[in-house]
Protein chains: 2
Amino acid sequence: MRRSDCPISNVLDHVGDRWSLLVIRDIALYGKRSFTELLDSAEHVATNVLTDRLRRLEQTGLLTRTRDSGDARKNIYRLTQRGRDLLPILIEMILWSARHDPQTNAPPELVRRAQTDRNALIADLQARIDAVDGR
Amino acid sequence: MRRSDCPISNVLDHVGDRWSLLVIRDIALYGKRSFTELLDSAEHVATNVLTDRLRRLEQTGLLTRTRDSGDARKNIYRLTQRGRDLLPILIEMILWSARHDPQTNAPPELVRRAQTDRNALIADLQARIDAVDGR
DNA sequence: CTGTATCCTTAGGGATACTG
DNA sequence: CAGTATCCCTAAGGATACAG
């Protein structure tokens, strides 16, 4: 699994595939918490792939899986602090695309705040995650 | 190629595989510019894979390939501004690993400056790239 | 509805031979 | 030395059937 002790390579070993970071994105930025919500993304991940990624992300400590107390059939997927701390990477990706591939739909308000008020923005996004998770 | 118009997905469509960002890293942070230098990384990329990634990164405008004026057999691979602007993403990855997987060898001085002096650090790293490339 | 398992095709990529 | 091409195997992942 670990290809080297390089910190960049390490992140790629965790989320350097074509799907993991999109799952993180949907939980962190779009408030999704259930399997079905996560399935329903613009990129159309297959069910088996989503299952596999949720497993791996749980095993590497980026998210937790808990039974929904209301609906017993259902799991709730939440980011751990380790997972939430990927937010700055997501932010930088949004900024890069906003600058270099403007046909992508980076939210202008988020881009503006990331440039003027980066730390406060990240704190706000963290707080929103906490709120959804009842923390 | 483009799976959606999401800016995060867009970055992953460019460098969301297990090798591209390591090539970017080696050029941006370690001053490598030639095929052989890029081959010689801790993660041991295969020659055909490196060839393929250099092609793709050139096609998507992240780097340029030019003949070495000294050694005619040799190409020089340089980041474009588009490629150099991936630096903040690399920085955030280093910070994440430094915090959550401290067994990785993130340079402590870089981590310290990233936390205290982020913009200046990025400007300095940019300047170092420019210096290597004679800009 | 919330996932999981199976089937099968394709893409990724390691080893290595080869070319200029 | 600086790559490129080939061979071949494995892992990724799409479609879909199936289970609780």
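Note that the structure is a prediction, hence the values are computed from the model and not measured.
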[X] has an atom [atom1]; how far is it from atom [atom2] of [N], in whole Å?
X: His44(B); N: dG14(C); atom1: NE2; atom2: P; value: 11 Å
X: Ile76(A); N: dG3(C); atom1: CD1; atom2: C1'; value: 15 Å
X: Arg18(A); N: dG12(C); atom1: CZ; atom2: P; value: 8 Å
X: Leu38(A); N: dT2(C); atom1: CG; atom2: C1'; value: 12 Å
X: Arg55(B); N: dG13(C); atom1: CZ; atom2: P; value: 17 Å
X: Asp52(A); N: dT4(C); atom1: CG; atom2: C1'; value: 12 Å
X: Arg33(A); N: dG3(C); atom1: CZ; atom2: C1'; value: 19 Å
X: Glu43(B); N: dG13(C); atom1: CD; atom2: P; value: 13 Å

task = Have a look at Asn10(A) and tell me which of Thr104(B), Asn105(B), Asp101(B) forms a side-chain hydrogen bond (donor to acceptor under 3.5 Å, both in side chains) with it.
result = Asp101(B)
If the cut-off is 4.0 Å, is [X] near the phosphate of [N], judged by side-chain N/O to OP1 or OP2?
X: Thr51(A); N: dT4(C); result: yes
X: Arg53(B); N: dG12(C); result: no
X: Asn75(A); N: dG3(C); result: yes

ask   = Is the base of dG14(C) touched by the side chain of Asn48(B) through a donor-acceptor pair closer than 3.5 angstrom?
value = yes
Along DNA chain D, first and last positions that approach a heavy atom of chain B under 4.0 Å = dC1(D) to dT6(D)
request  = Specify the closest pair of heavy atoms between Pro88(A) and Glu92(B), including all atoms of both residues, with the distance to one decimal.
outcome  = CB-OE1, 3.2 Å
query = What pair of heavy atoms forms the shortest contact from Arg33(B) to Glu37(B), and how long is it?
reply = N-OE1, 2.7 Å
request  = Tell me what Thr36(A) touches on the nucleic acid: a base, only sugar-phosphate, or nothing, going by heavy atoms under 4.0 Å.
outcome  = sugar-phosphate
ask   = Asp133(A) side chain to Arg135(A) main-chain N or O, any donor-acceptor pair under 3.5 Å?
value = no
ask   = Within the distance-only criterion (no hydrogens, no angle test), does the side chain of Arg67(A) pair as donor or acceptor with the backbone N or O of Arg73(A) below 3.5 angstrom?
value = yes
task = Evaluate whether atom CZ of Arg65(A) has more than 12 neighbouring non-hydrogen atoms of other residues, nucleotides or ligands under 6.0 angstrom away.
result = yes
ask   = When you look at CZ of Arg99(A), are more than 12 heavy atoms from neighbouring residues, nucleotides or ligands closer to it than 6.0 Å?
value = no
query = Should Glu109(A) and Arg112(A) count as an ion pair when the cut-off is N to O under 4.0 Å?
reply = yes
Salt bridge Lys32(A)-Asp40(A), side-chain N to carboxylate O under 4.0 Å = no
task = For Arg56(B) and for Asp71(A), find the nucleotide of DNA chain C with the closest heavy atom, then tell me which residue's nucleotide is more 5'.
result = Asp71(A)
key: Distance, nearest 0.5 Å, that separates CD1 of Ile24(A) from CG of Leu63(A)   = 6.0 Å
request  = Tell me which of Arg67(B) and Val45(A) sits closer to the 5' end of DNA chain D, going by the nucleotide each one is nearest to.
outcome  = Arg67(B)
key: Axis bend over the full length of the helix from dC1(C)-dG20(D) to dG20(C)-dC1(D), computed from five pairs that close each end, to 10 degrees   = 30°
